[in-house]
Number of protein chains: 2
Amino acid sequence: MMPFNNGLPGNEPAEGRRPDPIDRQPLNEYISGVGDLVTGEITRLFPPHWEVPAKLAEAMSYSLLAGGKRLRPLLVIAACEALGGSREAALPVAVAIEMVHTYSLIHDDLPAMDDDDYRRGRLTNHKVYGEAAAILAGDALLTHAFYSIVQSSRRYSVPAEDVLSIVEDLAEMAGPRGMVGGQAADMEGEQGLTDLESLRYIHLHKTGDLIVFSLLAGGRIGGASEAQLEALRRFGVSIGLAFQVQDDILDLVGDESKLGKKTGSDVRQQKVTYPYFIGLEASRREVERLTEEAKSAVQQGAFADGSRLLEIADYLMSRDH
Amino acid sequence: MMPFNNGLPGNEPAEGRRPDPIDRQPLNEYISGVGDLVTGEITRLFPPHWEVPAKLAEAMSYSLLAGGKRLRPLLVIAACEALGGSREAALPVAVAIEMVHTYSLIHDDLPAMDDDDYRRGRLTNHKVYGEAAAILAGDALLTHAFYSIVQSSRRYSVPAEDVLSIVEDLAEMAGPRGMVGGQAADMEGEQGLTDLESLRYIHLHKTGDLIVFSLLAGGRIGGASEAQLEALRRFGVSIGLAFQVQDDILDLVGDESKLGKKTGSDVRQQKVTYPYFIGLEASRREVERLTEEAKSAVQQGAFADGSRLLEIADYLMSRDH
């Protein structure tokens, strides 16, 4: 097998053209590579001898390692790499956003909230560890996420100013004006909603804000300009909404064996969805329209290599679980 | 009435000697001044037109404005001023720590945790807004605290490096190795503890860590040296433990009308306390010993003016509610 560069003249990559990793690695391998990296880092962060009460540490790990898609870490790393930034420098933030996402699932599943016994085919956190431990595991994951973010400065020399902006973005987008606000609106809505505008608010904040955060944070670590951050924000808003509309569609017509859960739960729980308001076909067209909007934002961002982001937008649109 | 400086020679303060505010303001006025400042800032931060679902905003404000002692903000500001730092620059962090403290009370009071209906003579958050809203209000307050901290850099030019250290400290001391760890150990303990060492762990983390954080954060904003931060840490560990032992004592022998709650609840709930292990008299001596330890740490810190910290240590020891 010929090495990539054998040292002979003429074998260096042409000036200004780096070997494109996308030529070599299909998206599904890229995604599973990022997933493994994140899972490895989570395992490293929570060693058996961690100085934390045992049940708390266990409850945190249980849900963090419950086999999610690692979509948000993927977006952090893809945004950072689209700018030519280093995957390693983005890893602490990638892990942090997975902690925030996991905390939100643990709290959402609680009896006082959605009261779910299963998630991804496994018992939910409070069914295994009890409600008190589940509340505390969520609290601990949210808090520890901010610790992990700071480590991108401590371990990888990301400038303090940029890390502070990442902290500010997360506090904004996961907080009362962001994800928690979306969840609160969702809870209020279940007691007698609503219209498409309210549903859009819920989707934009409950799911969308963390997706936007992931892209902005990856962008900041990769050294994005203001215009590139704006492109990432628009990309995120569009794929975030597309993702959620697709979720609504899959809940209606998806394959239960692929989803790992029963379809029709939104209907049974009388949750309003995009198909409820505009019908199935219009919802599908909306996913396509949002995906095109997302891809056009990337193209306008003039990234060093935006192709992975484009692929991810298509992948999200066509996913079946 | 003569103005402080009438412009005539000889009326300026002597070179290098600033008028000492402590000469003019007794501790109780200092404490209520800080309390009013913090309450005013909280009110400003949560205006009626805040873009947050109404019930969530209300639930957050309800507990934030439930009339706490504002002890942690007091420590932030006193530490900052002990170093000659500005009260205004410390205010965003002072408000942040009150948000974190308030979130921890809301979650602790939940049915799955301590199941309390009243706090400070008012209905607890979940009794007014329901469990789901209480969980979310707690989550929102914790998240928004980090937003508030970043504002000390945005609005008062505290260097990003220092603010990042404050974020790191809070994530550490409020997280799984800090306050949440203490609470988790407390919950596990209630199912059949324990020894004095475990109780000490719970006190140090569940209550102590936020007190230490408050002092360190105020110190960082005031520009403390490493040695001064270490003095503040030792001061915090000692008054934090003294505070909690005093709480244990007051639960046993306090005046119910001053406490605003019934005494003896620890005994009824079969909670272990310092008096349970070492008796009432030895607990009182322990509070005195810890207070002396705290004061000696301040004296070794060589602060511009540590007298307010010394007064606070004495005040906490002698408090009756």
Side-chain angles (χ1 to χ4, degrees), chain A residues 50-57 59-60 100 103-104 107 110-113 126 130-151 153-154 159-165 167-168 170-172 174-185 187-188 201, chain B residues 50-57 59-60 100 103-104 107 110-113 126 130-151 153-154 159-165 167-168 170-172 174-185 187-188 201:
Chain A
W50 211 38
E51 298 149 28
V52 162
K55 190 177 170 187
L56 176 64
M60 292 170 76
V100 174
Y103 121 76
S104 77
H107 281 192
L110 286 168
M113 308 273 258
H126 65 273
E131 276 184 63
I135 294 167
L136 292 173
D139 293 346
L141 286 167
L142 170 59
T143 315
H144 203 61
F146 287 95
Y147 186 82
S148 187
I149 287 174
V150 176
Q151 302 318 305
S153 171
R154 299 281 181 261
E161 270 298 347
D162 292 330
V163 179
L164 211 55
S165 294
V167 168
E168 188 175 27
L170 180 59
E172 177 77 32
R177 283 182 291 216
M179 183 182 68
V180 175
Q183 173 68 0
M187 299 302 296
E188 287 180 42
Y201 176 91
Chain B
W50 211 38
E51 299 150 28
V52 162
K55 190 176 169 185
L56 176 63
M60 292 170 77
V100 174
Y103 121 75
S104 77
H107 282 192
L110 286 167
M113 308 273 259
H126 65 273
E131 275 184 64
I135 293 167
L136 292 172
D139 293 346
L141 286 167
L142 169 58
T143 314
H144 203 61
F146 287 95
Y147 186 83
S148 188
I149 287 173
V150 176
Q151 303 317 306
S153 170
R154 298 280 180 264
E161 269 299 347
D162 293 330
V163 179
L164 212 56
S165 294
V167 168
E168 188 175 27
L170 180 59
E172 177 77 32
R177 282 182 291 217
M179 183 182 68
V180 175
Q183 174 67 1
M187 298 301 296
E188 287 181 42
Y201 176 91

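Letters A, B, ... are given to chains in the order of the sequence lines, protein chains preceding strands, and every chain is numbered from 1.
- Considering all non-hydrogen atoms of both residues, B/Ala171 and A/Tyr147 come closest at CB-N, 3.4 Å.
- Minimum interatomic distance between A/Pro53 and B/Gly181 (heavy atoms only, all atoms of both residues): CG-O, 3.2 Å.
- The contact between A/Leu110 and chain B is made entirely by side chain atoms (from C-beta outward), counting heavy-atom distances below 4.5 Å.
- Taking both residues in full, the closest heavy atoms of A/Ala140 and B/Pro176 are given as O-CD, 3.7 Å, listed atom of the first, atom of the second, then distance.
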Test side-chain contact (heavy atoms from CB on, under 4.5 Å) applied to A/Glu131 and B/Met113, step by step: CA-CA 8 Å; A/Glu131 276 184 63; B/Met113 308 273 259; over 6 Å; no
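- No donor-acceptor contact under 3.5 angstrom links the side chains of A/Arg177 and B/Thr143, judged on distance only.
- Proximity to chain B is absent for every atom of A/Ala133, based on heavy atoms less than 4.5 angstrom apart.
- Summarising the geometry, atom CE belonging to A/Met187 is positioned 12.0 Å from atom CG belonging to B/Leu56; distances are rounded to the nearest 0.5 Å.
- With chain A as partner, the option from B/Asp139, B/Val100, B/Val52 having the largest number of non-hydrogen pairs under 4.5 angstrom is B/Asp139.
- Shown here for A/Ile135 and B/His107, the closest heavy-atom pair between the two residues is CG2-ND1, 3.8 Å.
- The aromatic rings of A/Phe146 and B/Phe146 sit parallel, their planes meeting at an angle under 30°, below the 60° perpendicular limit.
- Proximity to chain B is absent for every atom of A/Ser104, based on heavy atoms less than 4.5 angstrom apart.
- At a 4.5 Å heavy-atom cutoff, the contact between A/Leu136 and chain B is made by backbone and side-chain atoms alike.
- Paired with A/Val167 under the rule side-chain contact (heavy atoms from CB on, under 4.5 Å), one option of B/Val150, B/Ile149, B/Val163 passes, and it is B/Val150.
- A/Met60 touches chain B through its side chain: at least one heavy atom from C-beta onward sits under 4.5 Å away, while N, CA, C and O do not.
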